[in-house]
Structures are given as C-alpha cells and as structure tokens.
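These notes are about the structure you will find just below.
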Amino acid sequence: MNLNGEKLALKIVEVLDDKKAQDIDVLNIKNVSLLADYFVICSGNSTTQIKALADAVEEKLAELGRVPIHKEGYASARWILLDYGEVVVHIFHHESRSFYNLERLWSDAPRVDIQAIINRV
C-alpha cells in the first residue's frame, strides 16, 4: 500500500490510538521544515507502554511495507523517535514531553485535525 505523508501520519494515529497513546498530536511541518512533512507526537504512561506503542507502529507499518529509516531512544524509552522520512513519530514519557515541548518549538506548524480518528467508536 502506497501511503503519502498525510495518510501515513493518519495511519500512525490510528495505531497509537488503538494502543491507548495519550495526547496524540499531528503537526504539519512541511512548510516550516525540511526534516519531514509531519510530526506525530504522543505520550505514554510508562517505559513499557512507550515501547509497546513504538512496537505497534513498527509492526503495523511493516505490514504495509514501511520500515523506519532511523530509530532512536528505544533502550531508555523516555522518548522514542521513529523516522519514516515524510513522517517522524515522537513517543514521549509525560515528563520528557513537557520538557522538550515540541508543540511550542514547532508552533508555526499547523495542527492536523485527527478528532475523527481518535473519537471513532
């Protein structure tokens, strides 16, 4: 399945929501950065949950033929980064997310409306 940046980001949101990630946010950074087109940001309650969230994203996207270009932070699981090229996934422990505050750092980037995905029944 060929997923463009936005569809890939929304698929990642689905996976994270299914695994009970908290405070999921998607930033459209394509007009403010060359790093990627989208950041998907979420939080987990424990290092175990954070690893489980990262594992679920990797597993589901591998089924679609996508593997991360780069992966960081898995060992400590305070902030796991999965780089899929056009989409970068940031899975934070709550304290680390507050400290790094990517939403403030990238405040020029518009948020993507994901309510239809995270509020589905």
Side-chain angles (χ1 to χ4, degrees):
M1 175 184 267
N2 188 12
L3 297 174
N4 68 18
E6 183 176 12
K7 287 181 181 171
L8 180 62
L10 296 177
K11 181 63 178 173
I12 292 166
V13 169
E14 269 184 42
V15 173
L16 292 170
D17 187 52
D18 286 347
K19 289 292 183 183
K20 309 295 186 225
Q22 297 179 335
D23 304 319
I24 303 169
D25 210 353
V26 179
L27 303 179
N28 179 338
I29 64 167
K30 68 174 96 171
N31 293 324
V32 294
S33 175
L34 299 174
L35 294 174
D37 291 343
Y38 296 91
F39 277 174
V40 177
I41 305 166
C42 71
S43 300
N45 289 318
S46 66
T47 56
T48 303
Q49 184 189 20
I50 291 164
K51 286 182 178 182
L53 291 168
D55 291 344
V57 169
E58 281 195 89
E59 180 182 310
K60 290 295 183 187
L61 293 188
E63 291 172 6
L64 300 172
R66 301 294 301 260
V67 294
I69 297 165
H70 184 72
K71 178 176 168 179
E72 245 178 77
Y74 193 85
S76 68
R78 301 294 294 170
W79 173 7
I80 296 177
L81 179 143
L82 302 171
D83 183 350
Y84 285 94
E86 64 269 36
V87 179
V88 177
V89 184
H90 301 270
I91 306 170
F92 283 102
H93 198 280
H94 289 288
E95 292 83 23
S96 296
R97 184 170 181 176
S98 294
F99 179 79
Y100 290 103
N101 200 351
L102 292 185
E103 290 92 341
R104 183 183 54 76
L105 186 64
W106 294 95
S107 62
D108 291 346
R111 284 188 157 88
V112 175
D113 183 4
I114 59 170
Q115 292 309 307
I117 296 171
I118 61 174
N119 289 329
R120 71 188 192 289
V121 178

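Heavy-atom basis, side chains included; hydrogens, waters and symmetry copies ignored. In this text the structure is predicted, and so the values were computed from the model without any measurement.
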Around Leu34, counting heavy atoms of other residues, nucleotides and ligands shown, do more than 12 lie under 6.0 Å from its CG? no
Do His90 and Trp79 have a side chain donor and acceptor closer than 3.5 Å? yes
Sorted by chain and number, sequence neighbours left out, side chain to side chain donor-acceptor pair (under 3.5 Å) with Asn45 holds for His94
With sequence neighbours excluded, tell me which residues meet side chain to side chain donor-acceptor pair (under 3.5 Å) with Ser43. Arg97
Nearest heavy-atom neighbours spanning [X] and [Y]:
X	Y	value
Ala56	Lys19	CB-CG, 3.7 Å
Gly5	Val87	O-CG2, 3.3 Å
Thr47	His93	N-CD2, 4.4 Å
Leu53	Gly44	CD1-CA, 4.3 Å
Ile29	Tyr38	CG1-N, 4.0 Å

Does a salt bridge link Lys71 with Glu58, judged by any charged N lying under 4.0 Å from a carboxylate O? yes
So, Asn31 side chain and Ser33 main chain: donor-acceptor pair closer than 3.5 Å or not? no
Does Lys51 make a cation-pi contact with Tyr74 (under 6.0 Å, within 45 degrees of the axis)? yes
Within-4.5 Å side-chain heavy-atom neighbours: Phe99 and Asn101: no
